[in-house]
A.B. asks: 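I'd like to ask some things about the structure below.
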Amino acid sequence: MQLHRIDLNLLVVFEAIYTHGSITRASQVLFITQPAVSNALARLRRHCGDELFYRSGRHMQPTARAQAMIGPVRQALGMIRQSLQDGMEFVPETASRTFRLSMADIVEAIVLPRCLPEVTRQAPDCRVHSYPVERSNILQQMDAGQLDLAIDVAQPGREPLLLHQPLLQDRYVCVVRPGHPLLEQELDMDGYLALQHLHISSRRQGSGHIDLHLEQLGVQRQVSVRARHYLLVQPLISKTELAATLPERLARQLGLPYLPLPFPSPALTLNLYWSQRAGQDPAVMWLKELILQSVE
DNA sequence: AGGGATCACAACCCGCCTTC
DNA sequence: GAAGGCGGGTTGTGATCCCT
């Protein structure tokens, strides 16, 4: 295939259709009309000799060829975007861009209220999108220019290709409902293990940080409720006898009474992660510094 | 009804040729 | 070599058709 005969803008259209699963939606984000996207797709189809997308109900599903193409295309476009951005100064007052962050809802609750007021004050035309990305996809999305920063629990040796900086440290505490009889005494290990626990995890199964720590101590707690979102903690804990082991900052934020754990709390460190690529982007580095300052 | 494909038309781009 | 005119090709738009 002769590259000079291909309009490389077709790859931008390809990426938009793949991302949004719709020609109409792609036309909206590219600020061109639906026929223009349809026409561009027709040209790319001729170049590739493949349908690339087929209609399935109201969605455009990628063919196997399109699925094979999307990774390299995203990577190439990410590098082009980066090369065009390199060396450009970031002026928050006039800048207009969207920052994409990956973090769990618990981290959002702790970090975003602290840093977003300053982001909107300094950079009124910038937008922040926060959503959780699977750990295994973070590096790929950062390389493709689809993710700027990620905040996650520090794990030794994780993702050696990512750069990181400690964001905040905390300790775990045991949260119970107001008036819980446990609040009138000191919580010992027997009392802790006798409790029914609420465990929050985005995964369907597997041990949590605390469970792994207890395992090392040779004991096991009783998890009777497992849920995905920390939003559930406040309403559930306040109406039941359940206990939850949470970071102290979050316990304070929820306004629930809490007790120190009857064993040395494992260290909880949240790290801020970014890619080599983002390290060259003055805008991302500006946001990184702002987040670090806001949670100090 | 929503959304992709197609058509006719207009605007723009680019290569080629001519003139200076 | 630079500038201008011409013609063909490409791409975007609105309108409309047709499929799911």
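Labels below follow one simple rule: chain letters A, B, ... track the order of the sequence lines, proteins then strands, and each chain is numbered from 1.
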A.B. asks: Can you list every pair that meets salt bridge (charged side-chain N to carboxylate O under 4.0 Å, His left out) and has a residue in residues 182-200 of chain A, with sequence neighbours left out?
C.D. replies: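 Listed by first then second residue: nothing to list.
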A.B. asks: Could you give the side-chain donor-acceptor pairs of residues 111-119 of chain A under 3.5 Å, partners two or more places apart or in another chain?
C.D. replies:
from, atom 1, to, atom 2, distance (Å)
A/Arg114, NH1, A/Ile110, O, 2.5
A/Glu118, OE1, A/Arg121, NE, 3.4
A/Glu118, OE2, A/Arg121, NE, 3.3
A/Glu118, OE2, A/Arg121, NH2, 2.7
A/Glu118, OE2, A/Gln122, NE2, 2.9

A.B. asks: Please determine whether a side-chain nitrogen or oxygen atom of A/Thr24 lies at a distance below 4.0 Å from atom OP1 or OP2 of B/dG2.
C.D. replies: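 Result: no.
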A.B. asks: List every contact pair, protein side and nucleotides 6-14 of chain B side both N or O, where the distance is under 3.5 Å.
C.D. replies:
none

A.B. asks: If only side-chain N and O atoms count, and only distance matters, is there a donor-acceptor pair under 3.5 Å linking A/Tyr192 with A/Thr245?
C.D. replies: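 A pair is found: one side chain offers a donor N or O, the other an acceptor, under 3.5 Å apart.
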A.B. asks: Using whole Å, what does the distance between atom P of nucleotide B/dG2 and atom CZ of A/Arg55 come to?
C.D. replies: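 Rounding to the nearest Å, CZ of A/Arg55 and P of B/dG2 are 13 Å apart.
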A.B. asks: Please name all residues satisfying salt bridge (Lys or Arg N to Asp or Glu O under 4.0 Å) with A/Arg177, sequence neighbours left out, ordered by chain then number.
C.D. replies: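 If we apply the salt bridge (Lys or Arg N to Asp or Glu O under 4.0 Å) test to A/Arg177, skipping adjacent residues, the hits are A/Glu241.
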A.B. asks: Can you list the residues that meet the salt bridge (Lys or Arg N to Asp or Glu O under 4.0 Å) rule with A/Asp125, with sequence neighbours excluded?
C.D. replies: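 If we apply the salt bridge (Lys or Arg N to Asp or Glu O under 4.0 Å) test to A/Asp125, skipping adjacent residues, there are no hits.
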A.B. asks: Using the heavy-atom set of chain A and a strict 4.0 Å cut-off, write down the first and last nucleotide of DNA chain C that makes it in, 5' to 3'.
C.D. replies: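 Reading along DNA chain C, I get C/dT11 to C/dT20.
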A.B. asks: Please identify each residue that fulfils salt bridge (Lys or Arg N to Asp or Glu O under 4.0 Å) with A/Arg171, with sequence neighbours left out.
C.D. replies: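 By the salt bridge (Lys or Arg N to Asp or Glu O under 4.0 Å) rule, A/Arg171 matches A/Glu248.
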A.B. asks: Between B/dG3 atom P and A/Ile17 atom CD1, what is the distance in whole Å?
C.D. replies: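 Nearest whole value for this atom pair: 15 Å.
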A.B. asks: Rounded to whole Å, how long is the line connecting atom CZ of A/Phe53 with atom C1' of B/dG3?
C.D. replies: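 Whole-Å distance recorded here is 16 Å.
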A.B. asks: Return the set of residues passing ring pair (Phe, Tyr, Trp, His ring centres under 6.0 Å) with A/His213 (not counting sequence neighbours), or none when no residue passes.
C.D. replies: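 Listed in chain order: A/Phe263.
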A.B. asks: Can you tell me if A/Ser22 touches the phosphate of B/dG3, counting only side-chain N or O atoms and a distance under 4.0 Å to OP1 or OP2?
C.D. replies: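 It does not, given that no N or O in the side chain of A/Ser22 lies less than 4.0 Å from OP1 or OP2 of B/dG3.
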A.B. asks: Quick one: ring pair (Phe, Tyr, Trp, His ring centres under 6.0 Å) partners of A/His199, sequence neighbours excluded?
C.D. replies: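 Testing A/His199 for ring pair (Phe, Tyr, Trp, His ring centres under 6.0 Å), a comparison that skips the adjacent residues, returns none.
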